[in-house]
Structure formats: C-alpha cells, structure tokens
Amino acid sequence: MGTDARGAHGSRSGRQARLFKLLRRALAGAAGMRSKHGANLALDILEANGIHEIALTRADGRLLHISTRDKVIASEVIRSGSFARENMEAFVGLLVANGLDPAALTFVNIGANIGTACLNAYDCGFRRFVAVEPEPENFSLLERNLAGLERASVRCEQAAIGEVRGRATLHRHAANLGSHSLLAPGMDRTNASAIEVPVEPLSAVVEPGDRFVLFVDVEGYEPQVLRGGAAEIESGCAAIVLEITPGRYAPADAADLQMRTAAFASTFSLLPSRQAYPSGHLPALMASHARGHFDIALVRSDLSTRT
C-alpha cells in the first residue's frame, strides 16, 4: 500500500507540474493549454492560494488581465488567447459585405465585461470605443485591458444601461463574471451576491450625431437597453449585435424585443455562422432556444455610414 500511495502521489505531482507548465506557456503568450478542465483547475489552485488576477500575453505583446474567479471567459482566454473572436470576425464580415468600414464607426459595447469584445473589435479594424460595464472588478480589468490601444479613442463608463437614469440591483454570479444581471436571480444563481449600480440611458454614452454599432451582452436586459436608446438607435446606429437569452425575458419584453429588431432590419444573421433569417423568424428561434442563448447581428441598410 505504501508503494501504491507513493506512486499515486508521484502521478499527481507529475500532472500538476505539467498543468502549470502549460499555464506558464499561456501566460507567456504561447499555445499550450487546451483542456477546459485543466484551465479551470489551474484557476482554482491560483485562487485558493490568494492569487486573484493574472495577466496573459496576447499575440500583439499586450497584456490581458483576467480574474482567477472567472471560470468561463478567463478559462477560454487561457486556452485560445481570446473569447468569442469568431463572432466578431463574422460580424465585421457582415459590415464589410454591406459597404461599412469599422474604422468609420464607434464600437459601443454595453456589458463590456473585461474588454474582450472591444479587443476583438480593435483587431478587426475598429478604432473608436465606448465600453460600458457596471461591476467594479470587471470595470477595473476593463480599463487596464483597453488602456494604451494605439491610434484608438477609448471611453470607459462604469454604469449599467437601461430605460431611464436611476439605480438598480446587479446580481453577481460567483463563477461566471460575464453572467452578472440586473434581472432577479433564477435557480442557477443561488450563489450570487448583489450590489447597487447606477443606470443610465444610452444617450448618456453616445455622442449626438455619432455613427456607431451597438454590441449588447447584458444577460436578459437587452429589451431595456433598446427601449432606453430608441432615439439614438434610430438616428445613428448602423448595426446591432445582441446576445438573445429567451428564458430571461418576460413575455412583454420578448415581444418588444422582436418588434424593435424587426423595425431596425428586415433580416438578422446568426453569429458566427452568418446564417440569415427574415426578422419574422426570431420568435420561432427564441422558442427553440428557450433554455439557452444565441447571438444575432442586424445591419441597417438606410443609414449613411458607407465609405
């Protein structure tokens, strides 16, 4: 039994050494760690030892700061160097196909988290950014991750975006720092904590006369964002990306979301596949994804932002 125990211990030590060798490679910007389980285990060990933040080196040499508590975005960044990059590439492909130049548009990111969507957008040609995030820890990482982008204009705002100015309760997920929501927690959020955050309408972060794209990932609060920003969207928005989470919408909000997206564009495309549907198909797609989520892009054809 003693020999077996030593062998097991040696085996565990070997696996741990390999795990952290792969993590060191990831921190240095090299490919290596591919296992989600391995990445999450490394994050758990770091967090348990009092390390709450690490910085990975991106392909361009910039540091990307991530939280060791985040087992979704941080885990994906460790494994692939980015998060949801394929969605951004597909979205920019749609813009270009419609004659729109990302460099001529402001990228307005509502629910910006730690800045991965903005960094993906920067890599795809955007140079003007408004990044809005209400959660303090995420916002701190967001500011550092977007600081010093070459030949870029960046404005970060610590707030939530909704229908009217005020304050609201943000319910924070313990392990998925991209899943905080202004909606009341469901059964999957029993371990959430809550803080109060300021809420602003879209007009507080969009400059009058600006031409922009709206990238919204707010965990079920999308209808409120669109309602509060109706005037700005009508006057200056060239395209919208939404994460659709059908199970979190009240029936009236789901109907309102469907109405507003249909009024904005006659078709929408799934991301990253770019499969196109008529706007009237959104209710059926929401019904078929009632317990999940999906991303859509809508590109407007009547706004003068073409190059």
Side-chain angles (χ1 to χ4, degrees), residues 84-112 115-132 146 149 151-157 161 200-218 221-244 256-280 282 294-307:
R85 184 180 179 90
E86 65 278 7
N87 279 11
M88 188 63 63
E89 291 173 343
F91 174 53
V92 171
L94 289 170
L95 293 179
V96 173
N98 282 273
L100 297 168
D101 178 8
L105 298 162
T106 300
F107 186 81
V108 180
N109 189 185
I110 308 302
T116 53
C118 288
L119 291 173
N120 289 338
Y122 178 81
D123 292 341
C124 290
F126 285 96
R127 288 298 178 265
R128 301 199 307 269
F129 299 90
V130 177
V132 187
L146 299 189
L149 289 178
R151 297 182 296 279
S153 169
V154 178
R155 173 185 172 192
C156 296
E157 294 287 344
I161 300 298
E200 298 284 351
L202 190 62
S203 60
V205 298
V206 172
E207 297 293 334
D210 196 12
R211 296 293 183 260
F212 63 95
V213 301
L214 189 60
F215 200 93
V216 185
D217 183 355
V218 288
Y221 215 64
E222 294 80 14
Q224 290 84 341
V225 172
L226 297 187
R227 282 199 294 272
E232 290 70 33
I233 291 170
E234 170 62 26
S235 64
C237 187
I240 300 175
V241 172
L242 299 171
E243 182 186 68
I244 303 294
D256 185 62
L257 179 66
Q258 293 159 8
M259 180 272 293
R260 292 183 184 278
T261 54
F264 184 83
S266 60
T267 64
F268 66 89
S269 297
L270 286 178
L271 297 179
S273 71
R274 291 177 57 175
Q275 183 175 357
Y277 294 92
S279 59
L282 185 57
F294 56 94
D295 298 294
I296 66 170
L298 306 102
V299 181
R300 188 170 164 185
S301 60
D302 64 341
L303 196 67
S304 179
T305 55
R306 298 177 181 273
T307 57

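Values in this document were obtained by computation on a predicted structure and should not be read as measured data.
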Ring pair (Phe, Tyr, Trp, His ring centres under 6.0 Å) partners for Phe126, two or more places apart: Phe107

Lys/Arg-Asp/Glu bridge criterion (N-O < 4.0 Å) met for Arg274, Glu86: no

Side chain proximity check, Asn109 to Phe129, heavy atoms < 4.5 angstrom: no

Approximate separation, where rounding is to 0.5 Å, of Met88 CE and Phe215 CZ: 4.0 Å

Closest contact, heavy atoms only, Ser279 versus Ala265: CB-O, 3.6 Å

Contact summary for Gly115 and Leu146, nearest pair of heavy atoms: O-CD2, 4.0 Å

Axial cation check for Tyr122 ring with Arg127, 6.0 Å and 45° limits: yes

Test side chain to side chain contact (heavy atoms under 4.5 Å, CB included) applied to Val132 and Leu202, Val225, Ile161, the passing residue: Ile161

Backbone of Leu100 reached by a side-chain donor or acceptor of Asn98 within 3.5 Å: no

Distance, nearest 0.5 Å, that separates CG of Leu270 from CG of Asn87: 10.0 Å

Test side chain to side chain contact (heavy atoms under 4.5 Å, CB included) applied to Ser266 - qualifying residues, sequence neighbours left out: none

Pairwise distance CZ(Phe268) to CD1(Ile240) - rounded to 0.5 angstrom: 13.5 Å

Within-4.5 Å side-chain heavy-atom neighbours: Phe91 and Cys124: no

Any Leu257 side-chain heavy atom under 4.5 Å of Ile244 side chain: yes

Nearest heavy atoms of Ser203 and Glu232, plus distance in Å: CB-OE2, 3.2 Å

Side-chain (Arg85) to main-chain (Thr116) donor-acceptor, under 3.5 angstrom: no

Residues Arg155, Glu207: salt bridge by 4.0 Å N-O rule: yes

Atom pair CD (Glu243) and CD1 (Ile110), whose distance is rounded to the nearest 0.5 Å: 14.5 Å

Asp217 side chain to Gly111 backbone, donor-acceptor under 3.5 Å: no

Check: Ala104 main-chain N/O paired with Arg128 side-chain donor or acceptor under 3.5 Å: yes

Student check: side-chain heavy atoms of Val130 and Phe212 closer than 4.5 Å: no

Approximate separation, where rounding is to 0.5 Å, of Thr261 OG1 and Leu226 CG: 8.0 Å

Flag side-chain contact, heavy atom, 4.5 Å: Leu214 against Leu242: no

Value rounded to 0.5 Å, distance of CD in Gln224 from CG in Asp256: 8.5 Å

side-chain contact (heavy atoms from CB on, under 4.5 Å) evaluation trace for Val206 with Ile233: CA-CA 10 Å; Val206 172; Ile233 291 170; over 6 Å; no

Partner residues of Gln258 under the side chain to side chain contact (heavy atoms under 4.5 Å, CB included) criterion, sequence neighbours left out: Ala254, Leu282, Pro283, Met286

Closest approach of Pro102 to Val92 (non-hydrogen atoms, all atoms of both residues): CG-CG1, 3.8 Å

